[in-house]
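Beneath this line is the structure, given in structure tokens, with notes to follow.
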Amino acid sequence: MTISAIKGMNDILPGEVETWQFLEQSARNIFEIYGFSEIRTPVPEKTELFCRSIGETTDIVEKEMYTFADKSQNSMTLRPEGTAPVMRALIQNRLYNQDSVTKLYYLGPMFRYERPQKGRYRQFHQLGAEVLGVEDPKIDTQVLAMLHHYFRSIGIDSVSLQINSLGCPECRPAYREKLVAYLESRLAALCPECQRRYLVNPLRVLDCKVPDCREATTDAPAMIEYLCEDCETHFSQVQKHLAALEIPFEVNPRMVRGLDYYVRTTFELVTDQLGSQNAVAAGGRYDGLVEGLGGPALPGIGFAIGLERLVLLKGNEKIAPGVPVVFIAALGDAAVDPAFVLMSQLQAAGVRAEMDYQSKSLKAQLRRANKLNARYCLVLGDEELTSGQVQLKNMADGTQTPVSLAGLVDLLVENNS
RNA sequence: GUGGGAUUAGCUCAGUUGGUUAGAGCACUGGUUUGUGGUGCCGGGGGUCGGCGGGUUCGAAUCCCGUAUCCCACCCCA
């Protein structure tokens, strides 16, 4: 039996890794324009970090974390998301002391123990950004503008932006009571799952996908109708700024978050092209999180993009792999070593050169040159070695140019640039 | 955690109502033709039919049960 990768954890292979690199490089370019710096944190963290930030009763903490004890019996967890570790690093290293605004982005693998399916894996990758220290709604809009800019730059337009406000510790409790009372009056019409959770997590019921539940809750009270004055102002300012920047969006009063730390503005970029995994990016404001983790009372807002989902969206348009500039075919055993030296010289000079490492027939070598889509091809045999002249063949149009072996490197270096 | 589908060559898949030595295309490889490659033709290697356990049968790749993995959906999320 051969050894296979762990369930839900995938290799990223040549042919698809080019798409990843493109998406990552584009993100670095765009995020830098908006003043973000990269931060890299460890993959495992103390389990407590996630319990305290994400919330004890969330699905992630309750049943999806990769938690284990190390040899000293300390409980550690492979990070299931990126925000909490970044906040931990921010507090530990006092990054907030540099400036009144801290802008960070991260990129890396996350782990959740779920049943894998399209666009959802046990090891997956998130690309996220966080802004700390600004409560002004302009920063909410700024973050959304950057997200919008990024998606435009990578050529994905099949997503739409949905926003909502979850209120704050001032106004949410009162709303929550109203919602629970409403749900209690409709309890019989809800799906069993919602009947179980309406007390623990009533907002979740609004996001239920069972048609009957949606039907039964069409006139449920919405958080945005019960926002306190400050939250109301904040939310309307975000929308005003979005309109000013001509960023299309729609308000979805039923959108909720799976993590407990979110307040006020929340948002998702959704698509209809990935089956049931419709969220490609999501995020929101988390004003109490840093303080809750023992840091200063810093407001924060951020998002995370699911890279596997982004790759799936981008996937159709394959990014062509690099092609060799020149392929060297060796004719006869005596030419193999000189061909190898020539190839090495070309590579050392910065020219992408290829040959066949095994001694094959000339036909097989040339077939490989064609398969690799090399731009030029030359045959090196006894004749060429004694005369010092080779025929450089242009594979596209078939034309041949006589070139001296001595001048070949210079010619190709020039041609390459 | 709950459902549905799948598993046969390196890859994509056929294999009819169970019936002898299990097939195709691509890929790989040898030869040949074409000016030293792209085309055509002729050959070749490669599979104990995912694994294990069990059942039905004269006979199982084929039917049934268990188990593993993958995919898809639910749940949830990015």
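Chain letters run A, B, ... following the sequence lines, proteins first, then strands; residues in each count from 1.
- Side-chain nitrogen and oxygen atoms of A:Lys371 include at least one within less than 4.0 Å of the OP1 or OP2 phosphate oxygen of B:C28.
- A:Phe36 and A:Phe31 have tilted rings, their planes meeting at an angle from 30° to 60° on a 0 to 90° scale.
- As the counterpart of B:U17, no nucleotide is assigned, since no Watson-Crick or G-U wobble pattern has both distances under 3.5 Å.
- Across B:U36, B:U33, B:G3, the shortest atom-to-atom separation from the side chain of A:Leu366 is found for B:U36.
- Under the Watson-Crick and G-U wobble criteria, each requiring two contacts below 3.5 Å, nucleotide B:C74 is paired to B:G1.
- Look at A:Arg367 and you won't find any side-chain N or O under 4.0 angstrom from OP1 or OP2 of B:U36.
- Of the candidates B:G30, B:C77, B:G38, B:G30 carries the atom nearest the A:Ala364 side chain, counting heavy atoms from C-beta on.
- When each of A:His234, A:Gln237, A:Gln239, A:Arg264 is tested with A:Asp140 by the rule side chain to side chain donor-acceptor pair (under 3.5 Å), just one qualifies, namely A:His234.
- Of the side-chain N and O atoms in A:Gln117, none sit less than 4.0 angstrom from OP1 or OP2 of B:C71.
- Atom CG of A:Leu274 is separated from atom C1' of B:C77 by 13 Å (rounded to the nearest Å).
- Closest approach to the A:Gln126 side chain among B:A78, B:G40, B:C72 is made by B:A78 (side chain taken as heavy atoms from C-beta onward).
- A salt bridge does not link A:Asp59 with A:Arg112: every distance from a Lys NZ or Arg NE/NH1/NH2 to an Asp or Glu carboxylate oxygen is 4.0 Å or more.
- For A:Arg112, counting side-chain heavy atoms from C-beta on, the closest listed nucleotide (B:C77, B:U33, B:G37) is B:C77.
- For A:Glu268 and A:Arg257, the salt-bridge test passes: some basic side-chain N is under 4.0 Å from an acidic carboxylate O.
- Closest to the A:Arg120 side chain, of the nucleotides B:U36, B:C75, B:G38, is B:C75.
- Ranking B:C72, B:C75, B:U36 by closeness to the A:Lys118 side chain, first place goes to B:C72.
- Minimum atom distance to the side chain of A:Arg115 is reached by B:C74, of the listed B:G38, B:C74, B:C77.
- Between A:Gln162 and A:Met255, the shortest heavy-atom contact is O-CE, 3.8 Å.
- Of the candidates B:A78, B:U36, B:C70, the closest approach to any side-chain atom of A:Lys7 belongs to B:C70.
- Between A:Asn370 atom CG and B:U36 atom P the separation is 16 Å, expressed in whole Å.
- Ranking B:G38, B:C71, B:C77 by closeness to the A:Lys363 side chain, first place goes to B:G38.
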